[in-house]
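Below you'll find the structure, written out as structure tokens, and then a few comments.
Proteins get letters first, then strands, A, B, ... in listed order; numbering begins at 1 in each. The structure displayed is predicted, hence computed values, not measured ones.
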Protein chains: 2
Amino acid sequence: MKVTSKTVYALHFLCALAIKSRNGETKPVHLREIAEEYKIPFKFLEQIAILMKSVGLVKGARGKTGGYQLSQEPEVISLAHILKATEGELFPLAAVEGGSAVVNALLAETFAQGRRLVEEKLGGVSLAELADKARADMEPAYMMYYL
Amino acid sequence: MKVTSKTVYALHFLCALAIKSRNGETKPVHLREIAEEYKIPFKFLEQIAILMKSVGLVKGARGKTGGYQLSQEPEVISLAHILKATEGELFPLAAVEGGSAVVNALLAETFAQGRRLVEEKLGGVSLAELADKARADMEPAYMMYYL
DNA sequence: CCATTACCCTATTGAGCCGATAGGTTTGAT
DNA sequence: ATCAAACCTATCGGCTCAATAGGGTAATGG
């Protein structure tokens, strides 16, 4: 019952794209570049990028001038979107053979309510917020990497 | 990132104890009885009972007239207590080598807030609520098993 | 046109957790 | 003493996760 590193890497990946885009970069960004900059295993990141593409969060361009770009504005991409893609449903209940039917139903309802709370919370945090705060925290000395 | 069957069984187990207690039963309840009644693998339930004991939610009595009892009133035992014992911290973030320190910090904070929401929700649901609703839903024809 | 580059896809591996089972030890009432 | 129950430890198969490997496909630059 934990947030996997696939999710964390996906968040960093998308955030990196958002930051580059905010800094005026219009060309696709190479995966290798991001992998090196953030010390993310390249081949693992590749799979994550493909997943992000399959759910429509990024676009990929092939060939020598290829790379990845966000396919939507970072304002409309929420953490809930991303989590949904990487983790599926949040803390689903294990289906058990036994137990009491009544209690099982009560538990299902209770956890559904808890799940909704988190989804609302994560749905209220956009990639843009993350990227902007991250940019604001960067030291001027390091800004050159993003301009 | 899911609620394991250990947790679900634990909930059924404690709920069963609460129901028996509400129905005037003062003697310890045999694990074997609960396991059969709720179709829970006995040996698995045994481990869960020991865990519940180790965190102070139940008392165990040995010997031929032994069994388990709640060690607190069901009103003061919340789902949050139980989940804490069976699952540990709720959806912890995977620790990754790479990524941006700023983003990692933002994520940690965001998920901590989400976690608090769920903990408050689950902290507000007591074992007594569960047990009472379960009792109310039982058909009179089945009440004999609990009197 | 063709080699390079980078995206794209599938398979596999090793570690670790989960659900369950098994076997034994200790305790306490009769 | 004996029996039944709580208590403890070890182990196992199955699964997921993280990471690696190897190749296929498209598009650009020369």
Keeping the roles fixed (side chain from [X], backbone from [Y]), state whether a donor-acceptor pair exists under 3.5 Å.
X: Glu97(A); Y: Ile40(B); answer: no
X: Ser71(A); Y: Gly56(A); answer: yes
X: Glu73(A); Y: Glu75(A); answer: no
X: His12(B); Y: Ser100(A); answer: yes
X: Ser5(A); Y: Val8(A); answer: no

For nucleotides 3-6 of chain C, list the nitrogen or oxygen atoms of the protein found under 3.5 Å from its nitrogen or oxygen atoms, one pair per line.
| from | atom 1 | to | atom 2 | distance (Å) |
| --- | --- | --- | --- | --- |
| dA6(C) | O4' | Gly63(A) | O | 3.4 |

[X] has an atom [atom1]; how far is it from atom [atom2] of [N], in whole Å?
X: Tyr9(B); N: dG19(C); atom1: OH; atom2: C1'; result: 8 Å
X: Lys43(A); N: dT13(C); atom1: NZ; atom2: P; result: 17 Å
X: Gln47(B); N: dC17(C); atom1: CD; atom2: C1'; result: 14 Å
X: Met1(B); N: dC18(C); atom1: CE; atom2: C1'; result: 17 Å

(message) Under 3.5 Å, is there any donor-acceptor pair linking the side chain of Glu46(A) to the base of dC8(C)?
(response) yes

(request) Answer with yes or no whether the side chains of Thr4(A) and Glu87(A) bring together a donor and an acceptor at under 3.5 Å. (result)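 On atom types as modelled, these side chains qualify, holding a pair under 3.5 Å.
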
(request) State whether Lys53(A) places a side-chain N or O below 4.0 Å from either non-bridging phosphate oxygen (OP1 or OP2) of dC8(C). (result)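 Answer yes for this pair, as a side-chain N or O of Lys53(A) is under 4.0 Å from OP1 or OP2.
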
(message) With a 4.5 Å cut-off on side-chain heavy atoms, are Lys133(A) and Val102(B) touching?
(response) no

(message) Checking Gln47(A) now: which residues fulfil side-chain hydrogen bond (donor to acceptor under 3.5 Å, both in side chains) with it, not counting sequence neighbours?
(response)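 With neighbours one apart ignored, the set is empty.
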
(message) What is the first contacted nucleotide of DNA chain D and what is the last, in 5' to 3' order, if contact means an atom lying under 4.0 angstrom from a heavy atom of chain A?
(response) dA18(D) to dG29(D)

